[in-house]
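Written out below as structure tokens is the structure these notes cover.
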Amino acid sequence: DHKSNGLKDTNQQTFYAAETGIKEAKRYMLAESNLTVGNTPKVKFCKPGLFPSLGSAKAINDHVESKNLDELINASTDETKRLENYSYEYFITYTPDSNGQTSTPTTKTVSGTSGGDISESSSYKSGTTGTATYFTIYSCGCDASKNQCQTGNIVTALESYVSKVN
């Protein structure tokens, strides 16, 4: 029973790490004014094959980020030791087309939003129009540090669809 509880805790922590990656990816997207298609992402453990909808991944700005949770969260010494054993890695692509390709952006003219918005759904205000570009964030959490995660570790893969209005 203790082993089962420990495994559940590990799975929850890797999920939390992957969610943290999504949050950090959104922060990155807000800070960048130019988001363009790049090359195949150079990832350590968040492999494109973990995502069934993804055929050929092309990372936006060739950006991949990997961090241990202790690099982001200030905690007590014991908790810091625990957090350094969990990590995330993410990359961002244009939202894949029906064939899983990510080289071409999907865009849509939207009413009533102002620039710089990263959202999972549209919010409308009167008076303006813009072009929304659709992106997908692929994030993985691991039960090892970013440099130690490999085959055999628990990896939780999450994806999030977002739009950015230009």
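Scope of the values below: all heavy atoms of this structure, side chains included, with no hydrogens, waters or symmetry mates.
- The SG atom of Cys140 sits 12.0 Å away from the CG atom of Asn153 when rounded to the nearest 0.5 Å.
- At least one side-chain heavy atom of Tyr28 sits less than 4.5 Å from a side-chain heavy atom of Leu35.
- With contacts defined as side-chain heavy-atom distances shorter than 4.5 Å, the pair Val162/Lys26 qualifies.
- When side chains are defined from C-beta on, Ser103 does not count as touching Asp97, because their heavy atoms never get closer than 4.5 Å.
- Taking both residues in full, the closest heavy atoms of Ser53 and Pro96 are given as O-CB, 3.9 Å, listed atom of the first, atom of the second, then distance.
- Ring-centre distance between Tyr134 and Tyr161: not below the 6.0 Å cut-off.
- Pairing each heavy atom of Ala132 with each of Ser163, the nearest pair is CB-CB, 4.3 Å.
- Here the CG-NZ distance, from Leu54 to Lys47, works out to 13.5 Å after rounding to the nearest 0.5 Å.
- Note that CD of Gln12 is 11.0 Å distant from CD of Glu19, once rounded to the nearest 0.5 Å.
- Under the side-chain contact (heavy atoms from CB on, under 4.5 Å) test applied with Tyr86, the options Leu69, Asn68, Ile154 reduce to a single match, Leu69.
- With sequence neighbours excluded, the residues forming a salt bridge (Lys or Arg N to Asp or Glu O under 4.0 Å) with Glu84 are Lys81, listed by chain and number.
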Show your reasoning for whether salt bridge (charged side-chain N to carboxylate O under 4.0 Å, His left out) applies to Glu89 and Lys67.
-> CA-CA 7 Å; Glu89 182 171 62; Lys67 285 192 177 176; over 6 Å; no
Apply side-chain contact (heavy atoms from CB on, under 4.5 Å) to Thr129 and Val110, showing your working.
-> CA-CA 6 Å; Thr129 61; Val110 293; over 6 Å; no
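- Within the 4.5 Å cutoff, the side chain of Leu158 has heavy atoms near those of the Phe15 side chain.
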side-chain contact (heavy atoms from CB on, under 4.5 Å) assessment of Ser145 paired with Ser87 = CA-CA 5 Å; Ser145 71; Ser87 58; 5.5 Å; no
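- Closest of all the heavy-atom pairs between Glu71 and Lys146 is OE2-NZ, 3.0 Å.
- Listed here is the closest heavy atom pair of Gly21 and Ser139: CA-OG, 3.4 Å.
- Heavy-atom contacts from other residues, nucleotides or ligands closer than 6.0 Å to NZ of Lys44 number more than 12.
- Thr131 places none of its side-chain heavy atoms less than 4.5 Å from the side chain of Val165.
- With contacts defined as side-chain heavy-atom distances shorter than 4.5 Å, the pair Tyr94/Thr136 does not qualify.
- Residue Arg27 holds its CZ atom at 14.0 Å from CE of Met29, rounded to the nearest 0.5 Å.
- Taking all atoms of both residues into account, the shortest heavy-atom contact from Cys46 to Val43 is O-CG2, 3.4 Å.
- The main-chain N or O of Thr93 is never found under 3.5 Å from a side-chain atom of Thr102 such that the two would form a donor-acceptor pair.
- Closest heavy-atom contact between Pro41 and Ala59: CB-CB, 3.9 Å.
- Rounded to the nearest 0.5 Å, atoms CD1 (Ile22) and CD1 (Ile137) are 6.5 Å apart.
- Partner of Tyr138 under the ring pair (Phe, Tyr, Trp, His ring centres under 6.0 Å) criterion, out of Tyr88, Phe45, Phe91: Phe91 alone.
- Side-chain contact between Tyr90 and Ser160 is absent, with no heavy atoms from C-beta onward closer than 4.5 Å.
- Taking NZ of Lys58 as the reference point, atom OG1 of Thr36 lies at 13.0 Å (rounded to 0.5 Å).
- Contact annotation: the side chain of Gln13 never approaches that of Asp143 to less than 4.5 Å [non-hydrogen atoms, C-beta and beyond].
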